[in-house]
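Numbered from 1 within each chain, the chains take letters A, B, ... in sequence-line order. This is a predicted model, so every value here is computed, not measured.
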Protein chains: 2
Amino acid sequence: MPRTRAGRAPLTRDRVVAAASDVADAVGTQRLTMRLVADRLDVEAMALYRHVADKDDLLDALAERVLDRLNDAAAQLPGPAPGTPWTAVARERVLVAREVLLRHPWAPRLVHERGTMGPATLRWFDDLSAVLFTGGCSADLVHHAMHALGTRAIGYNAELLDVTPTGAEQDGEEMLSAMSAMSETYPAITRMVAEIAHDASTTLGWCDDQAEFEFGLDILLEGIERRRAAGGDGPPSGATGLSP
Amino acid sequence: MPRTRAGRAPLTRDRVVAAASDVADAVGTQRLTMRLVADRLDVEAMALYRHVADKDDLLDALAERVLDRLNDAAAQLPGPAPGTPWTAVARERVLVAREVLLRHPWAPRLVHERGTMGPATLRWFDDLSAVLFTGGCSADLVHHAMHALGTRAIGYNAELLDVTPTGAEQDGEEMLSAMSAMSETYPAITRMVAEIAHDASTTLGWCDDQAEFEFGLDILLEGIERRRAAGGDGPPSGATGLSP
DNA sequence: ACCTGAACACCGTTCAAGT
DNA sequence: ACCTGAACACCGTTCAAGT
């Protein structure tokens with residue numbers, strides 16, 4: 001590992017982002033300062049600008065770094081026993097994501113604020129989409145579910161899947177090769193997009209925010225009413241006093 | 001209306017908060033600056049500190065102001081036709097709240113960031129709780145529903161109902177009179193708290209975040225699976241291709 | 001009583017200069 | 001090539017001073 005004359009390891013983008021994560025752990029994302037990040041690296045603030053464009057870029061990178069950790073955690077999950085319903089598999093993935101996010105109290109807010117759609121985020125959504133496809137969900141249903149679960153699981157709120165890879169031109173050739181690269185890396189997302197685009201009659205625009213919101217809301221109301229009718233309460237599956 | 005020598009209306013906390021709302025509309029909450037708010041009032045920044053403690057206080061007040069607008073909008077809703085199921089009434093309330101919130105693009109994030117539990121927020125939750133009680137939901141179910149719907153409707157994420165009114169002492173007398181005042185102003189919330197406290201056997205701590213999260217998650221998964229089994233998609237109630 | 005001017009300790013970011 | 005010093009245009013906030 002090369003060293004500068006002063007004996008410090010050389011700065012890299014990764015070390016800068018890691019230092020930012022440490023600073024956020026210590027003082028929160030709100031009070032994170034370029035100067036504080038630099039201090040942790042024994043460097044002047046201006047040195048950071050060689051590795052990140054500006055503070056926004058650094059925070060985006062920090063959000064992606066958190067999503068990387070989610071993917072690491074998901075990868076270490078044991079494969080589900082054969083015959084496990086897809087809902088149980090999806091449930092575990094979301095709960096693991098939440099567990100990792102809560103290790104950094106600042107993480108949910110950061111991911112929510114910056115709706116970045118970087119490789120780590122795409123990976124997470126692709127894996128979860130695959131679970132639903134395997135469970136027999138249609139492309140449309142997977143799409144709606146990603147909105148509803150994505151919001152709940154990782155606080156993700158941006159337009160899902162404005163996924164034209166950065167740098168890809170709009171002219172045909174490049175578009176095609178970009179899409180075929182996408183389909184190898186993110187097969188479930190690609191399938192979802194392709195099937196919905198193919199069957200455009202049921203889609204009222206790509207990611208209609210209002211429709212997605214109502215989808216999630218209606219499911220919640222339906223589930224609450226079902227529990228009321230059953231006379232129960234909720235999580236503790238208690239046998240409480242019936243409703244007045 | 002009294003005027004200063006310079007002919008301007010005198011500053012009030014309300015005018016300061018209103019100006020902050022205008023500034024936020026123009027440049028967003030992120031770029032809102034004490035100096036910008038002051039400019040809009042033709043005043044120096046330091047004059048604001050006579051009416052708000054600091055910037056944090058101003059942003060809290062701004063969040064409460066938005067919740068006031070939600071309550072105004074809810075108050076103007078026509079009463080539901082007799083026989084309307086509670087789910088439809090609740091649905092409309094949540095959708096109206098969202099509509100108002102979206103009029104100020106910065107509003108959802110602000111309300112989410114500052115989980116204030118001021119009078120306006122309490123009023124909104126009390127009204128929605130009343131709808132569920134009227135629909136026959138148990139206190140426990142109302143509580144869980146407030147968490148699930150509150151998050152979805154207004155991005156509310158703080159501990160619901162750390163509601164000991166500010167300034168109330170812990171000694172018995174004052175506590176009692178504070179609670180009876182609460183019960184007049186917020187009858188549904190008071191009922192919810194009282195019934196849950198009374199029947200403590202089913203409650204595992206007041207506002208167990210993890211349990212509330214799983215409550216909402218399970219309802220979503222259940223609803224998605226139900227739609228898969230029905231072979232449908234979601235919002236457009238379309239008759240698309242069945243799942244693969 | 002209410003507002004202002006000047007000042008303080010901080011920001012993010014730039015650019016020429018050092019090594 | 002990589003980092004630093006000095007500087008710029010901003011912040012939030014204070015406090016004594018004005019009217």
Handout entry: Side chain to side chain, A/Ser129 and A/Trp124, heavy atoms closer than 4.5 Å
Key = no
Practice task
Starting from C1' on C/dC10, measure out to CG on A/Leu32 and report it in whole angstrom.
Solution key: 15 Å
Practice task
Give the rounded distance in Å between these two atoms: CG of B/Asp57 and C1' of D/dG12.
Solution key: 14 Å
Practice task
Look at B/Arg123 together with B/Asp127 and state whether they make a salt bridge at an N to O cut-off of under 4.0 Å.
Solution key: yes
Exercise for the section: Grab the CZ-P distance between A/Arg31 and D/dG12 for me, whole Å please. Expected result: 15 Å
Practice task
Show your working on side chain to side chain contact (heavy atoms under 4.5 Å, CB included) between B/Asp140 and B/Met192 and close with a plain yes or no.
Solution key: CA-CA 7 Å; B/Asp140 256 4; B/Met192 175 174 102; over 6 Å; no
Handout entry: Electrostatic pair A/Arg35:A/Glu44 at N-O distance under 4.0 angstrom
Key = no
Problem - Length of the CG-C1' vector between A/Leu48 and C/dC11, whole Å - result: 14 Å
Fill in the blank from the handout: Between CD of A/Glu44 and P of D/dG5 the distance, given in whole Å, is 5 Å
Exercise for the section: Compare all side-chain heavy atoms of A/Leu221 with those of A/Leu217 and state whether any distance is below 4.5 angstrom. Expected result: yes
Practice task
Measure from NZ or CZ of B/Arg98 to the centre of the six-membered ring of A/Phe213 and say whether it is under 6.0 Å with the direction within 45° of the ring axis.
Solution key: yes
Practice task
Salt-bridge test for B/Asp57 and B/Arg114: reply yes if a basic N is under 4.0 Å from a carboxylate O, no otherwise.
Solution key: no
Exercise for the section: Please map the stems of DNA chain D, keeping only stretches of three or more Watson-Crick or G-U wobble pairs with both distances under 3.5 angstrom. Expected result: C:4-8 with D:12-16, C:12-16 with D:4-8
Exercise for the section: Look at the side-chain N and O atoms of B/Thr33 and state whether any lies under 4.0 Å from the OP1 or OP2 oxygen of D/dC10. Expected result: no
Handout entry: Spacing of A/His51 atom NE2 relative to D/dC2 atom C1', expressed in whole Å
Key = 8 Å
Practice task
Give a yes or no answer on whether the side chain of B/Glu64 reaches the backbone of B/Ala120 with a donor-acceptor pair at less than 3.5 Å.
Solution key: yes
Practice task
Produce a footprint string for nucleotides 13-18 of chain C: one letter per nucleotide, 5' end first; B if the base is under 4.0 Å from any protein heavy atom, S if only the sugar-phosphate is, - if neither.
Solution key: BB----
Exercise for the section: Check the distance between D/dC3's P and A/Asp39's CG and give it to me in whole angstrom. Expected result: 16 Å
Practice task
Decide, yes or no, whether a salt bridge links A/Arg69 with A/Asp72 under the criterion of side-chain N to carboxylate O below 4.0 Å.
Solution key: yes
